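One structure below.
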Amino acid sequence: MRRQTIIVLMTMLVIGSSAQVNIWEGTRVKKRVLLTPYIPAKRLAPAKTAIVCPGGSYFWHDTETEGHDVARWLQQNGMAAFVLNYRTAYVPAFVTHYRLVFRGTRYPDAQDDLRQAIRYVKSHADDYAVDTTAIGVMGFSAGGHLVMSAAELFAPADRPAFVAAVYPVVTMTEPCVHKRSRRGLLGDSRTGDRKLRDLLSLERHVPDDCPPVFLVNCADDPVVDYRNSVLLDSALTAHRVPHRYVQFRTGGHGFGASEVKGSAECRQWKEMFLEWIKTFGR
């Protein structure tokens, strides 16, 4: 094992995560997009891995509940996790409509970041002691849309090995669309673009070779209409994609890996996911 790798791993064992890395460093993309690794301390084999994408309507991130708290929980349960601070439109784009004139951040920026994050983790698998055949993605709300779009829109070599989508945004066309996420993703000048809406309506583009999916939401979700997940479940079923869909009666939205948010019922999703992931790979 290389000396710098030993130093990195020792640091991770002490503080729980390693220093953040810029996934675009050394590339032609002059952006600073940070990835924070959380690597389990004890493992008998290369770890299964999830790149975690917090929600936030493609405008911002719920960094803790849907990001670092999730990564720490996965780490404590023997999985490696990487929190991706993918590009979002951010608050100025939410409170103004400057993207009617200027490009700003919009599709496909977040998707490009996730693709690069997958490539980065694969290329540094030895450094982090992760299983290259079990690098998946986990996303919440708009982050759920992002991770599912990776399974549908990326070339096979860049697709994740599995997807976990928790109360995800799914459609950009149906009446149950989450309009804020659509505006955040498409940009103000393109919200009416029918071709783009269709492309990013994930219920319409599930490939037959889609990776396995773990899908969770709540029937009482007041933010993202529960029918988003129903649409995705139906599409996955139609294409015979291996998946598990869990719909809770209560829990609402935004509970992430919290031990107090949502409901006792919906917080069961974490144990269900850990049981599901045992059946995947090694």
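Counting begins at 1 with the first residue of the sequence. Hydrogens, waters and symmetry mates play no part in the numbers below; they use all other heavy atoms, side chains included. Everything quoted here is computed from the prediction, not taken from an experiment.
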dist Leu202:CG -> Thr173:OG1 (nearest 0.5 Å) comes out at 10.0 Å
Side chain to side chain donor-acceptor pair (under 3.5 Å) test vs Ser141 passes for just one of His253, His178, Glu66, namely His253
Item to complete: Determine the interplanar angle of the Tyr120 and His124 rings, folded into 0 to 90°, and report it as parallel if under 30°, tilted if 30 to 60°, perpendicular if over 60°.
Response: parallel
Notebook entry, point to check: Hey, is Asp220 close enough to Arg249 for a salt bridge, meaning N to O under 4.0 Å?
Noted result: no
**Prompt:** Is there a path of hydrophobic side-chain contacts, each under 4.5 Å between heavy atoms of I, L, V, M, F, W or Y residues, that connects Phe154 with Phe82?
**Reply:** yes
* Is His61 reaching over with its side chain to a backbone N or O of Leu84, donor-acceptor style, under 3.5 angstrom? -> no
So CD1 of Ile51 and CD1 of Ile23: to nearest 0.5 Å the spacing works out to 8.5 Å
#### Entry: Donor-acceptor contact present, side-chain Ser229 to main-chain Asn217, <3.5 Å
no
Interatomic distance, CZ@Arg267 vs OG@Ser258, rounded to 0.5 Å, equals 6.5 Å
Exercise. Taking the side chain as every heavy atom from C-beta outward, state whether Leu153 and Leu200 have any pair of such atoms under 4.5 Å apart.
Key: yes
Output for pair (Ser181 OG, Leu186 CG), nearest 0.5 Å, gives 11.0 Å
Checklist entry - Is a donor on one side and an acceptor on the other found under 3.5 Å between the side chain of Gln75 and the backbone of Ile39? => result yes
Item to check | Side chain Glu275, main chain Met272, donor-acceptor under 3.5 Å | outcome: no
### Query
Trp24 and Leu34: same hydrophobic cluster, using ILVMFWY side-chain contacts below 4.5 Å?
no
### Query
Between Trp269 (side chain) and Gly256 (backbone), is there a donor-acceptor pair under 3.5 Å?
yes
Taken to the nearest 0.5 Å, the spacing of Leu196 CG from Thr191 OG1 works out to 10.0 Å
Donor-acceptor under 3.5 Å (Tyr86 side chain, Pro54 main chain): yes
Cluster membership besides Leu231, Ile/Leu/Val/Met/Phe/Trp/Tyr side chains within less than 4.5 angstrom, sorted by chain and number, is none
Rounding to 0.5 Å, atoms CG (Asn85) and CD (Gln20) come to a distance of 7.5 Å
Besides Trp60, the hydrophobic cluster formed by Ile, Leu, Val, Met, Phe, Trp and Tyr side chains linked at under 4.5 Å, directly or via other members, contains Phe59, Tyr90, Val91, Phe94, Val95
Residues 222-248 vs ring-ring contact (aromatic ring centres under 6.0 Å, His included), sequence neighbours excluded, gives none
Practice prompt. May I ask you to decide if the ring planes of Trp276 and Phe214 are parallel, tilted or perpendicular, using 30° and 60° as cut-offs?
Written response: tilted
Q.
Around atom CZ of Arg240, are there more than 12 heavy atoms from other residues, nucleotides or ligands closer than 6.0 Å?
A. no
Self-check item: SB check Arg72 Asp69 (cutoff 4.0 Å)
Solution: yes
